[in-house]
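Side-chain atoms are counted along with the backbone in the values below, which use heavy atoms only and exclude waters and symmetry mates.
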Amino acid sequence: MLTKEQVDFYRENGYIKLDNIFTEEEINEISDEYDELFARKQHDNMRTEWRGKDMKNLAKNENVLVLAMHNLQFHSEVFTRLLMNKKFLDAMEDIMQTHNILLHHNKAHLKPPEKGAPYLMHQDYHYFPFKNHSMVAAFFNLEDTSPENGGLAVYPGSHKLGPLEDAGVVDKGESIHYVDPEKYPLSGATPIYAKKGDIVVFSYLLLHGSYVNKSDRPRRMFLVQLMSADDEPLKDVHKSVGQGMVLRGRNVKRDASMATRFVQ
């Protein structure tokens with residue numbers, strides 16, 4: 001699916017932007033279903049912005065927010081088809097260098113116009129560490145994104161640093177993970193400019209964050225996190241009801257910790 005140059009770029013930088021996975025018709029269907037799903041939910045129960053002193057500094061104490069929803073495949077067949085899309089999984093197989101691909105979790109983040117919350121630079125590793133670091137994220141852009149409307153930013157090549165020290169906090173019983181904002185400020189990261197339908201794939205060790213949405217339009221994204229069936233978690237954390245679903249290949253070493261209680 002991918003060229004050698006694309007795979008080499010991912011290996012060197014820890015991320016890659018793909019623009020030819022889904023058709024315009026497929027992206028429009030996903031976008032419409034996304035809007036319909038968020039429209040029928042209670043937004044007051046969906047707020048998920050980070051808290052703490054460093055976050056307030058980044059947001060400049062403005063009243064910013066993010067709306068989130070997990071496991072969209074349990075709400076609509078559209079997202080089940082997305083997860084099983086052949087071209088998408090072909091690309092993931094090239095990037096992950098394995099035929100045995102499992103779902104870890106998926107979620108949607110919606111940053112409202114003019115007050116969409118930013119995210120400090122962080123590694124997803126701290127939320128769900130794995131032995132062989134096989135975890136990748138696929139970030140689906142459902143509209144054109146830039147720093148102005150809260151787009152993604154990365155430190156290219158930072159995945160090569162391995163797990164970095166966690167500078168996060170625990171707030172109201174919730175662990176919020178990020179790296180030292182003085183050493184790795186959002187202002188020093190490389191912004192990702194993406195078109196509607198582009199997918200940004202990155203290692204869970206890559207330092208990434210996002211900007212405040214100051215524009216008059218929302219920033220909608222759908223995130224899928226995948227892992228190799230041959231990898232194993234280092235901590236019993238971040239469980240999802242869909243975790244462990246085999247999207248491609250086999251899960252020969254099926255681990256009881258990966259949501260397999262219904263499979264005997």
Side-chain angles (χ1 to χ4, degrees), residues 9-17 47-68 104-105 107 109 111 115-139 141 145-194 200-214 219 221 223 225-227 231 233-238:
F9 182 93
Y10 176 83
R11 293 278 174 268
E12 179 65 24
N13 294 281
Y15 77 98
I16 188 169
K17 184 172 64 176
R47 292 188 61 157
T48 187
E49 62 273 10
W50 284 354
R51 298 174 296 275
K53 174 179 64 67
D54 292 317
M55 181 62 184
K56 288 182 178 179
N57 290 339
L58 181 62
K60 303 186 185 304
N61 288 313
E62 295 180 13
N63 183 26
V64 294
L65 62 96
V66 173
L67 304 176
H104 187 267
H105 73 280
K107 62 184 177 182
H109 273 181
K111 291 189 179 185
K115 58 180 180 180
Y119 282 91
L120 292 154
M121 302 308 298
H122 63 283
Q123 296 175 309
D124 290 339
Y125 164 87
H126 294 291
Y127 284 97
F128 29 82
F130 272 71
K131 181 178 180 180
N132 299 323
H133 305 315
S134 68
M135 182 79 66
V136 301
F139 187 109
N141 295 274
T145 58
S146 66
E148 181 190 15
N149 73 327
L152 188 68
V154 302
Y155 272 78
S158 57
H159 65 302
K160 296 179 181 180
L161 300 174
L164 298 172
E165 183 179 357
D166 183 16
V169 298
V170 176
D171 185 89
K172 298 179 181 178
E174 177 186 358
S175 295
I176 300 170
H177 301 289
Y178 52 86
V179 296
D180 185 349
E182 296 293 328
K183 189 173 182 180
Y184 300 104
L186 179 60
S187 60
T190 299
I192 303 294
Y193 291 83
V200 182
V201 182
F202 55 90
S203 164
Y204 85 150
L205 287 172
L206 185 75
L207 282 171
H208 61 285
S210 62
Y211 303 94
V212 175
N213 183 4
K214 297 180 179 180
R219 193 222 68 180
M221 74 83 170
L223 181 74
Q225 302 229 216
L226 306 171
M227 58 193 176
D231 209 347
L234 296 178
K235 293 182 180 180
D236 187 23
V237 293
H238 205 289

Check: To the nearest 0.5 Å, how far apart are CE in M135 and OH in Y204?
Finding: 6.5 Å
Next item on the list: Decide side chain to side chain contact (heavy atoms under 4.5 Å, CB included) for Y178 and W50; before the verdict, give the C-alpha distance in whole Å, the side-chain angles of both, and the deciding distance to 0.1 Å.
Entry: CA-CA 10 Å; Y178 52 86; W50 284 354; 4.1 Å; yes
Check: How far apart are the closest heavy atoms of L206 and G14, and which atoms are they?
Finding: CD2-O, 3.7 Å
Notebook entry, point to check: Is there a donor-acceptor contact under 3.5 Å from the side chain of N13 to the main chain of G157?
Noted result: no
Item checked: Heavy-atom side-chain contact between F139 and I192 under 4.5 Å -> no
Checklist line | Chi angles and distances behind the side chain to side chain contact (heavy atoms under 4.5 Å, CB included) call for E165, V179 | finding: CA-CA 6 Å; E165 183 179 357; V179 296; over 6 Å; no
Margin query: Does atom NZ (K160) have a neighbourhood of more than 12 heavy atoms from anything else shown, all under 6.0 Å?
Written below: yes
Notebook entry, point to check: With side chains defined as the heavy atoms from C-beta onward, is the minimum distance between L65 and K115 less than 4.5 Å?
Noted result: yes
Check: What is the distance from atom CG of L205 to atom OH of Y125, rounded to the nearest 0.5 Å?
Finding: 8.0 Å
Next item on the list: May I have the step-by-step check of side chain to side chain contact (heavy atoms under 4.5 Å, CB included) for F202 and D124, ending in yes or no?
Entry: CA-CA 10 Å; F202 55 90; D124 290 339; 4.0 Å; yes
Notebook entry, point to check: Quick one: CE on M55 to CG on D171, what's the gap to the nearest 0.5 Å?
Noted result: 11.5 Å
Next item on the list: Could you tell me whether the side chain of Y119 reaches within less than 4.5 Å of the side chain of V66, counting heavy atoms only?
Entry: yes
Note to self: Rounded to the nearest 0.5 Å, what separates atom CD1 in I16 from atom CZ in F9?
What the structure shows: 6.5 Å
Margin query: Side chains of N141 and T145: any donor to acceptor distance under 3.5 Å?
Written below: yes
Notebook entry, point to check: In chain order, what residues pass the ring pair (Phe, Tyr, Trp, His ring centres under 6.0 Å) check against H104, with sequence neighbours excluded?
Noted result: F128, F130, H238
Notebook entry, point to check: Under 4.5 Å between any side-chain heavy atoms of R219 and S210, yes or no?
Noted result: yes
Margin query: Using modelled atom types and a 3.5 Å cut-off, is there a donor and acceptor pairing between side-chain atoms of Y127 and backbone atoms of H177?
Written below: yes
Notebook entry, point to check: Could you walk me through whether V200 and L152 pass the side chain to side chain contact (heavy atoms under 4.5 Å, CB included) check?
Noted result: CA-CA 9 Å; V200 182; L152 188 68; 3.9 Å; yes
Notebook entry, point to check: Side chain of S158, backbone of L207: donor and acceptor closer than 3.5 Å?
Noted result: yes
Item checked: Side-chain heavy atoms of P181 within contact of L58, under 4.5 Å -> no
Checklist line | Residue pair A153 / M121: nearest heavy atoms and the distance that separates them | finding: O-CE, 3.8 Å
Next item on the list: Kindly compute the distance separating CG (L226) from NE2 (H105), expressed to the nearest 0.5 Å.
Entry: 10.0 Å
Item checked: G116 to V64 - nearest heavy-atom pair and separation -> C-CB, 4.2 Å
Note to self: Using modelled atom types and a 3.5 Å cut-off, is there a donor and acceptor pairing between side-chain atoms of N132 and backbone atoms of S134?
What the structure shows: no
Item checked: Donor-acceptor contact present, side-chain H208 to main-chain H122, <3.5 Å -> yes
Notebook entry, point to check: Does any N or O in the side chain of K111 come within less than 3.5 Å of the main-chain N or O of Y211, such that one atom is a donor and the other an acceptor?
Noted result: yes
Margin query: Can a donor-acceptor pair be found, under 3.5 Å and without considering hydrogens, that links the side chain of E148 to the backbone of N213?
Written below: no
Notebook entry, point to check: Taking the side chain as C-beta and beyond, is there a heavy-atom pair between H159 and H133 under 4.5 Å?
Noted result: no
Next item on the list: Answer with yes or no whether the side chains of H126 and D166 bring together a donor and an acceptor at under 3.5 Å.
Entry: no
Note to self: Salt bridge check, R47 against E49: does any charged N sit closer than 4.0 Å to a carboxylate O?
What the structure shows: yes
Next item on the list: Write down the atom of S203, the atom of Y10, and the distance for their closest heavy-atom approach.
Entry: N-OH, 3.3 Å
Next item on the list: Nearest 0.5 Å please: distance from the CG atom of L67 over to the OG1 atom of T48.
Entry: 9.5 Å
Margin query: Is the shortest side-chain heavy-atom distance between L120 and L186 below 4.5 Å?
Written below: no
